[in-house]
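Have a look at the structure below, then the notes.
Residue indices begin at 1 and follow the sequence shown. FYI, side chains are in, hydrogens and waters are out, and symmetry mates aren't considered; it's all heavy atoms of this structure.
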Amino acid sequence: MAVVTAANVVLAFGDRHVLDGANLTLAPGEHVGMVGRNGCGKSTLMKLIAGLGGLKPQAGQIQVARGATVGYLHQDPDLDADRTLRQEAGRAFDHLNALHAKLDGLTHDMAEASGDALERLLKQYEQVEHEVEAAGGYAVDHKIEATLHGVGLGDETFDVPVSGLSGGQRGRLALAKLLLSEPDVLLLDEPTNHLDIAGRQWLEEYLTGYGGAVIVISHDRWLLNRAVTKIYEIEEGRVYEYPGNYDQYRELRAERRAALLRQYEKQQEKVKREQAYIDRYRAGQRSRQAKGREKRLDRFRRDDMMDRPIEQGDVAIRMRPVPRCSEQVITAEHVRKAYDGVTLFNDVTITIKRGDRIGVIGPNGAGKSTLVRCLIGEQAADGGTSRIGSGVELGHYRQTHEHMNLDATVVEYLQRFVPNETEQEARDLAGAFLFSGLDQDKPLGVLSGGERSRAALAGLVVAGHNVLVLDEPTNHLDIPSAERLEDALRHFTRDTKGYGQNALQGGGTLILITHDRMLLDDLVDQLIVLDGLGGAKHFLGTYSDYIESLRAAVRQDTTPKPQPKPRNKSSKKKGKTTKTESTPGARAKRKQTALSLVKQEDLEARIEKIEGQIEQVDAQLADPDTYRDPEKAKKLQLKREELAADLEPLEEEWMARAEP
């Protein structure tokens, strides 16, 4: 039995339909990731499930299993400002505390009772004690502290009043409080927003072992690959379901989109062919047939014609050629920095060379941004030296955007970064970073923080810098935007190609501060690791290499394991090659003699039959439910290819006869 069911849910704000016939079914214990563009309705659907703020669908219904508890992580959590952090976290066990108080009262009453009254009190005591054990018993203090530590809240924060916490600390407290309550349905809306890498790893492990049902909205692709077994995608107000983790969803989604595009193109071919027949025979001997076909074609266009499938982010980003700089980009020796007597990092010595791809990681507050600012000369260190190489043109993305003219539109802002400063190039760049339609002409001042981040990043990656320093670039980006940025940075840091300043491409140097583990693993091949205690380590290898080295240390492997070397950037994954197929013309020639003897009516009947079969297969391939069974999807793909091969020579014969 499902614990949550949504059936044909419709919700609109004014003329905008956020949800338009959304359906989903959540089974007990099922862990699901919810993805989609910012503003597509993910949070709205979660709030409808949680029943928050009196929000109800305008049509359809949402049902939660009787007796099931639902917990929702609010972006603006309701916390008691007068309590300490530890006390507020303990409120997750208010019900348990009430049971303990009831036990204490029963104990007092039993001390003064006798006879039948004592027997009744003993039975009540046994019942309440059973409820106490079911609710967590007496060992909740350790559980509270372990959860607070897991989300990155140290002992020093436990006695701090909630009113004195930072926004990030409040967000982590709200997450801890919700996890401690252990609802039957756990709804998490961007739970990693305030978590560093260690906190994200802890949450990932927690969710993996969580016994209840989970729906998580997250831009953390690493988390979605490891903590969920199904993906819900919201698109144009509907929910599409894909089995597996995020990587599997991307593969299945691409297959579904390809099937929809084939179905659309086949319809276009059919319309074109029918229209050609109608135009040719409208006034001839077959005018009656032409008129009949025209009526059928009009009916088809009205009732069955599909729109072209929407494909997000299909514009390639053209990077401006990167000017060459010196071999040594940054040379730092014995750099150190402390604040209020607390050492952030000490004795950092590193040489960053042209083309290096370096990630900077560490817990919140470890000094990652400070270290990078010291390395590039934006902030004075307490000791040591750092020198910038000759010819370095550095672009620095900060988490704030004071440098932006908020009165300029997106296109006006980007126009000064594109090579020829043309409006069309600026619009292409805006489209590549997922600004479409009227959004391109909005002033920066009315955009959300995430939208302004996208605009700033778009200008930065095409501005012609040879060194990019990016500080948490994906914090406000949805997954499509993060993937577009990743593609641009991969282009920026690829092996140098061409000669001369006008033809040179790639070869850029990247310094990346981020908690986005997927971005780290895909882009960098070296790490600077801050431990939050003043230590800094230079690790040669990818993020996955680093994690494996930590696991090896935990296993206390006695066999020495060499440290991974940086990946050779020339050893990129090769694209799959496709076998050369025989050309359509060659296949047509093999059957031309036989087909030329087929009557026109029989030829058209055979074409319509195969087209009907292809439409049936395409309809199945366009159905998200098909991809719950990958083997079935593959068989349908093969069947479609066979039908298409049979249809091609028939269509060529028909077109040959239709030529004047």
Side-chain angles (χ1 to χ4, degrees), residues 71-97 136 138-183 186 188-207 210 216 218 220 223 337-346 360-371 399-400 471-472 475 513-517 529-536:
Y72 176 75
L73 179 64
H74 297 256
Q75 295 288 350
D76 185 18
D78 179 21
L79 303 173
D80 189 338
D82 296 329
R83 293 175 181 261
T84 66
L85 181 147
R86 175 66 175 75
Q87 290 171 337
E88 183 63 17
R91 287 181 62 193
F93 296 100
D94 279 350
H95 175 63
L96 179 60
N97 294 333
Y138 298 88
V140 297
D141 287 342
H142 172 72
K143 191 172 183 179
I144 292 172
E145 292 173 4
T147 304
L148 291 173
H149 290 157
V151 299
L153 294 168
D155 292 345
E156 70 280 1
T157 66
F158 285 7
D159 294 328
V160 175
V162 170
S163 58
L165 299 177
S166 67
Q169 288 172 326
R170 290 189 180 202
R172 281 175 270 165
L173 171 58
L175 174 60
K177 186 177 173 184
L178 176 60
L179 297 179
L180 286 167
S181 68
E182 296 186 343
L186 185 59
L188 300 177
D189 192 348
E190 292 297 344
T192 61
N193 270 359
H194 304 291
L195 300 182
D196 56 20
I197 287 180
R200 296 180 184 210
Q201 290 172 335
W202 178 87
L203 178 62
E204 183 182 299
E205 294 171 1
Y206 179 92
L207 293 179
Y210 191 73
V216 55
S218 180
D220 190 328
L223 177 74
K337 186 70 177 179
Y339 275 123
D340 297 330
V342 178
T343 299
L344 294 178
F345 46 84
N346 186 42
V360 183
I361 63 174
N364 289 332
K368 301 183 292 295
S369 300
T370 302
L371 171 60
Q399 295 189 50
T400 57
D471 192 348
E472 296 291 357
N475 259 8
I513 306 170
T514 186
H515 297 313
D516 188 331
R517 294 165 289 173
V529 184
L530 302 185
D531 60 11
L533 302 173

Could you state the interatomic distance from CG (Asp471) to OG1 (Thr514), rounded to the nearest 0.5 Å? 9.0 Å
Using side-chain contact (heavy atoms from CB on, under 4.5 Å) as the criterion, list what pairs up with Thr84, not counting sequence neighbours. Arg86, Gln87
Report yes if the side chains of Val151 and Leu173 come closer than 4.5 Å at any heavy-atom pair, otherwise no. no
For residues 157-167, which side-chain donor-acceptor pairs fall under 3.5 Å, sequence neighbours excluded?
from, atom 1, to, atom 2, distance (Å)
Thr157, OG1, Gly154, O, 2.7
Ser166, OG, Gln169, N, 3.2
Ser166, OG, Gln169, OE1, 3.4

Kindly write out the residues that satisfy salt bridge (Lys or Arg N to Asp or Glu O under 4.0 Å) with Arg200, not counting sequence neighbours, or none if the list is empty. Asp220
For Asn346, enumerate each residue passing the side-chain hydrogen bond (donor to acceptor under 3.5 Å, both in side chains) test, keeping only those at least two apart in sequence or located in another chain. none
Side chains of Leu186 and Val216: does their closest heavy-atom pair fall under 4.5 Å? no
In Å and rounded to the nearest 0.5 Å, what is the CZ to OG1 distance from Arg517 to Thr192? 8.0 Å
Residues two or more places apart in sequence or in another chain: which of them pass side-chain hydrogen bond (donor to acceptor under 3.5 Å, both in side chains) with Glu88? Arg91, Lys177
Which atoms form the tightest heavy-atom contact between Ser218 and Leu223, and what is the distance? OG-CD2, 3.8 Å
Where do Ala366 and Leu530 come nearest, in terms of heavy atoms and distance? O-CD1, 3.7 Å
Using the side-chain contact (heavy atoms from CB on, under 4.5 Å) criterion, which residues pair with Ala198? Sequence neighbours excluded. Asp196
Is there side-chain contact between Thr370 and Phe345, with heavy atoms separated by less than 4.5 Å? yes
Let me see the working for Asn364 and Arg172 under side-chain contact (heavy atoms from CB on, under 4.5 Å), right down to the final yes or no. CA-CA 12 Å; Asn364 289 332; Arg172 281 175 270 165; 4.1 Å; yes
Euclidean distance, Leu175 CG relative to Arg170 CZ, rounded to 0.5 Å: 16.0 Å
If the condition is side-chain contact (heavy atoms from CB on, under 4.5 Å), which residues does Glu182 pass it with, not counting sequence neighbours? Lys143, Tyr206, Tyr210
Nearest heavy-atom pair of Ser181 and Ala92: which atoms, and what distance? N-CB, 4.0 Å
Within the 3.5 Å criterion, strictly below it, is a donor on His515 or Asn475 matched to an acceptor on the partner's side chain? no
Sorted by chain and number, sequence neighbours left out, salt bridge (Lys or Arg N to Asp or Glu O under 4.0 Å) with Lys368 holds for none
How far does OG1 of Thr147 sit from CG of Leu178, to the nearest 0.5 angstrom? 11.0 Å
What distance do Asp189 atom CG and Tyr72 atom OH have between them, rounded to the nearest 0.5 Å? 4.0 Å
Could you tell me which residues satisfy salt bridge (Lys or Arg N to Asp or Glu O under 4.0 Å) with Glu472, sequence neighbours excluded, listed by chain and number? none
Who pairs with Asp531 by side-chain contact (heavy atoms from CB on, under 4.5 Å), at least two apart in sequence or on another chain? Leu533
Closest non-hydrogen contact found for Leu344 with Gly365 is CD2-O, 3.9 Å
Closest heavy-atom contact between Ser369 and Ile513? CA-CD1, 3.8 Å
